[in-house]
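Presented below is the structure to which this report refers.
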Amino acid sequence: MISLAHNALYHWYAQNGRHTLPWRITTDPYSIYVSEIMLQQTQVKTVLEKFYFPFLERFPTLNDLAHADVDDVLKMWEGLGYYTRARNLHAAARQCNGILPTNANDLIKLPGIGQSTAHAISAFAYRESLPILDANVKRILHRYFAVKERNENKLWEYAYKLFDPSTPFDYNQAMMDVGATICTPKKPLCACCPFERWCQGKSSPLEYPMAKTKTQKPIRLRTIIVYQRENSYALTQRRTRFLSGLWGFYESEELADESLKYLGEVTQHYSHFTLQANVYLNKESILPEGFEWFDLDEIKKLSLSRADHKVIAQIVGDQKTYHH
DNA sequence: AAAACGTGGTC
DNA sequence: TGACCAAGTTT
């Protein structure tokens, strides 16, 4: 009986829930919105310790965000990844005219808000009676209903089947807590799970969901050239889909001129490929097309990818070597 | 509709 | 240490 499972869930949640998460305590819809975007494909720890509070301090309201420069938004997002989220958040703030929609049906029209995020914001900020379907809930549903197949649409059906429409806030929060702390991917703690009596997958939880077919990530070999003039370096703002809006050094598929000084290798693992780049220093050349000069202090004000920060580290390291 | 999209945590 | 994974959405 599902209502018994709900009772077990709420009892567990009262004792073991993560009740101090700031976006769970606040009643400000905008803060909840920001948290939901930051938390997409991102662990709670990262958002909590590095990004949530600084972002809200810099952009306290939806209106502040709407009137901000998108480059400043990207700077606050630097290091968080999936930068389209930041640009969509900013674009959405402008579309809203300072007023966040108060239901999922309208929230989902905003860029960067899909069904699960729309339901999450609406359930948490406005108590709208809708289930969410994040990675935590998905894993619980796969196991609870013994479903091996990864099928988004079917999973939504199960999400509604297990949902408790009477208390959407607590239900959704509790589900995420169970998924994050009990029904974990590798070593689920079934003995402590509130759903243990009803879970159809408890005898072999690791079979649910079916393991992904692992295709190995391709390696992209690249050459990065740091153009230097006195204390300044050449950077360009990327307009490609990848890392769009972020600043970076000159990068190409060509081998570097052998006369250039070799600084070292930079490796960066991305979601769908691994970047392996050889980094060179060029002090003789003019500024490449589309690039601008920045000294190290000015670079600090720009938003750079992790890989380009590794290049900076090599430049600084090279300078220290040179001066000794 | 499969692939693109970042980074760090974890074991 | 490398592979998997994380409060998913967009194209």
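Naming convention: chains lettered A, B, ... in sequence-line order (proteins, then strands); numbering from 1 in each chain. This structure is a prediction, so every number in the text was calculated from the model and none was measured.
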Expressed as a whole number of Å, how far does the [atom1] atom of [N] sit from that of [M]?
N	M	atom1	answer
dT11(C)	dA7(C)	P	24 Å
dT1(C)	dG6(B)	P	27 Å
dA6(C)	dC5(B)	C1'	14 Å

Could you tell me how far apart [X] ([atom1]) and [N] ([atom2]) are, to the nearest whole angstrom?
X	N	atom1	atom2	value
Y270(A)	dA4(B)	OH	C1'	14 Å
D308(A)	dG6(B)	CG	C1'	13 Å
Y83(A)	dG6(B)	OH	P	8 Å
R220(A)	dG6(B)	CZ	C1'	13 Å
F273(A)	dG6(B)	CZ	P	9 Å
W77(A)	dG6(B)	CH2	C1'	12 Å

Considering only heavy atoms from C-beta outward, does the side chain of [X] approach that of [Y] to under 4.5 Å?
X	Y	result
L260(A)	I225(A)	yes
Q268(A)	T274(A)	no
I32(A)	Y126(A)	no

- Could you say whether G81(A) or K50(A) is positioned toward the 5' end of DNA chain B, judged by the nucleotide with the nearest heavy atom to each? G81(A)
- Message: If you assign K187(A) and L304(A) each to the DNA chain B nucleotide with the nearest heavy atom, which residue ends up on the more 5' nucleotide?
- Response: L304(A)
Answer yes when [X] and [Y] have at least one side-chain N-carboxylate O distance shorter than 4.0 Å, and no when they do not.
X	Y	result
D308(A)	R238(A)	yes
E207(A)	R143(A)	no
D297(A)	K300(A)	yes
D177(A)	R24(A)	yes
K301(A)	E298(A)	no

- Note on the structure: Letter by letter from the 5' end, nucleotides 2-11 of chain C scores (B base, S sugar-phosphate only, - none; protein heavy atoms under 4.0 Å) --SSBBBSS-
- Message: Looking at H272(A), I'd like to know whether one of its side-chain N or O atoms comes within less than 4.0 Å of OP1 or OP2 on dA3(B).
- Response: no
- Message: Under 4.0 Å, heavy atom to any atom of DNA chain C: which of residues 156-165 of chain A qualify?
- Response: none
- Query: Would R229(A) and S232(A) count as having a side-chain donor-acceptor pair, cut-off 3.5 Å?
  - Reply: no
